[in-house]
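Contents: one structure, followed by commentary.
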Amino acid sequence: MKKWIAILMAWALCAGFAAAESAAGTGSLTLSFDSNATTGYAWTGFVLGGDSVEIDSTEGSYVPDANTGAEVGSGGTTHFTLTAVQPGSSIVAFDYQRAWEREPAQRRVLLAIVDENLNLTAVDVSEDGVLEGEVSSVDEAGHSATLICEDLGELIVRFREGDALPVQDESIRIYTNGAMTLSLPAIVNAIAWERIPPEAAREGAISDASALPEFRAATDLDSFLDRVRDDNPLASAEFTEGSELPDEAFATDDPEELAALLEAVEALEIDSVSDICVTDWSPRLCLSCADGTSWSAGFNGHWLELNGVNYNLQNDDALWKLTARLKSKYASGR
């Protein structure tokens with residue numbers, strides 16, 4: 001573990017990134033990235049795969065340099081906090097990007113490792129741990145696939161139990177711990193993966209913000225809100241985790257929690273089309289009135305999923321903090 005931290009800190013010194021190993025049992029880690037909000041660029045962070053850590057905010061906390069403040073051209077630092085949830089590993093990605101641009105100017109990919117004492121460490125796998133290629137075959141019995149990479153040739157990719165498998169002939173990007181066997185073909189373990197849309201799909205994706213669907217209209221939220229009245233109040237909310245835990249739901253009928261959830265949902269806006277597809281977390285939120293009328297929305301990770309397309313959301317931090325609080329409350333039995 002100490003060796004990993006030494007490697008990470010050496011990389012941090014040359015990449016404008018800093019991290020610290022968590023104190024024993026505290027299970028938290030602060031990550032800091034050099035940034036410059038005056039240029040329109042901003043860091044966003046998200047857990048791509050694995051359920052060992054949670055991130056405090058998708059947007060982080062930006063702090064301008066003390067000697068320059070918010071002057072045009074001045075820089076600052078964006079801070080994120082990772083919190084250990086359970087032993088294991090997760091892939092966490094950070095993109096430095098303008099909101100109106102499809103591709104990030106920078107991407108940092110970290111392997112977050114949580115030990116049995118909830119000590120949390122992070123290792124940069126941006127180079128060695130990220131691989132792209134075309135799926136030539138799929139072995140459902142072995143829960144693996146053969147990937148043809150331009151630089152490395154043929155690889156056997158093992159996927160986590162419970163994760164969806166890619167399909168033959170599609171291009172994918174996998175996130176690993178940076179290790180592979182010396183066998184031929186080499187074997188790697190995918191902690192997370194995502195599909196790479198074909199060029200035609202990229203060119204046909206909606207890029208004009210005026211042509212994007214509106215969240216309220218796309219999810220029929222306004223029709224539901226018309227039914228919420230004093231004599232027909234919001235009665236319950238249910239949050240489910242998705243395909244991995246299809247039977248587990250976190251519910252509340254607390255008026256304050258319901259009001260906060262409804263306010264968070266009303267603030268949501270669709271920002272842009274996303275190329276990211278998370279394979280192991282498809283949560284769903286359902287709100288119900290006293291008369292039984294309900295509204296629900298499906299997500300893929302922290303992205304809204306509509307008809308097989310993922311959309312980046314604006315103003316969604318409050319929603320994910322509330323659902324995380326709901327899960328924590330449910331788990332503690334309070």
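- Using a 4.0 Å cut-off between a side-chain N of Lys or Arg and a carboxylate O of Asp or Glu, E269 and R216 do not qualify as a salt bridge.
- Under a 3.5 Å cut-off, the side chain of T293 and the backbone N or O of C289 do not form any donor-acceptor pair.
- Counting heavy-atom neighbours within 6.0 Å of D231 CG, excluding the residue itself, gives a total above 12.
- Residues C286 and W295 have side chains not in contact (no heavy-atom distance under 4.5 Å, counting atoms from C-beta outward).
- Side-chain atoms of S89 and R160 form a donor-acceptor pair, as typed in the model, at a separation below 3.5 Å.
- A donor-acceptor contact shorter than 3.5 Å links the side chain of H143 to the backbone of D163.
- Taking the side chain as every heavy atom from C-beta outward, L110 and V125 never approach each other to under 4.5 Å.
- For F94 and F33, the distance between ring centers is under 6.0 angstrom.
- A donor-acceptor pair shorter than 3.5 Å can be found between the side chains of S296 and R284.
- Atom CG of N312 and atom CG of L304 lie 10.0 Å apart (nearest 0.5 Å).
- The closest side-chain donor-acceptor pair between S61 and H79, if any, does not fall under 3.5 angstrom.
- When only modelled atom types and interatomic distance are considered, T44 and T58 share no side-chain donor-acceptor pair under 3.5 Å.
- Between the S126 side chain and the V109 main chain, a donor and an acceptor come within less than 3.5 Å of each other.
- Between the side chain of N315 and the backbone N or O of A267, at least one donor-acceptor pair lies under 3.5 Å.
- Classification of D291 and R227 as a salt-bridged pair holds, one side-chain N sitting under 4.0 Å from a carboxylate O.
- Results of the side chain to side chain contact (heavy atoms under 4.5 Å, CB included) test with F215 over D271, L306, V265, D316 single out V265 as the only residue that passes.
- Residue E214 qualifies as open at atom CD: its count of foreign heavy atoms under 6.0 Å is 12 or below.
- For the atom pair Q168 CD and S136 OG, the distance stands at 7.0 Å (nearest 0.5 Å).
- There is a side-chain donor-acceptor pair under 3.5 Å between E194 and Y175.
- S35 and T78 are linked by a side-chain donor-acceptor pair at a separation below 3.5 angstrom, with hydrogens and angles left out of the test.
- If you look at W43 and F80, their ring centroids are not closer than 6.0 Å.
- In this model, a donor atom of one side chain and an acceptor atom of the other lie less than 3.5 Å apart for T252 and E257.
- Note on L319: it clusters hydrophobically with I270, by side-chain heavy-atom contacts below 4.5 Å among ILVMFWY residues.
- No hydrogens or angles considered: a donor-acceptor pair under 3.5 Å links the side chains of D317 and S57.
- Side chain of T181 to main chain of I187: a donor-acceptor pair is present (N/O by atom type, distance under 3.5 Å, no hydrogens or angles).
- Checked against a 6.0 Å centroid threshold, the rings of F299 and W320 count as neighbours.
- Exactly one residue among L287, D253, L261, L225 makes a side chain to side chain contact (heavy atoms under 4.5 Å, CB included) with L234. That residue is L287.
- N36 and T39 share no donor-acceptor pair across their side chains, judged by distance under 3.5 Å alone.
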Would you please test I174 and V188 for side-chain contact (heavy atoms from CB on, under 4.5 Å) and show each step? CA-CA 10 Å; I174 64 170; V188 297; 3.8 Å; yes
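- Judged purely by distance below 3.5 Å, without hydrogens or angles, the side chains of Q106 and D95 never pair a donor atom with an acceptor atom.
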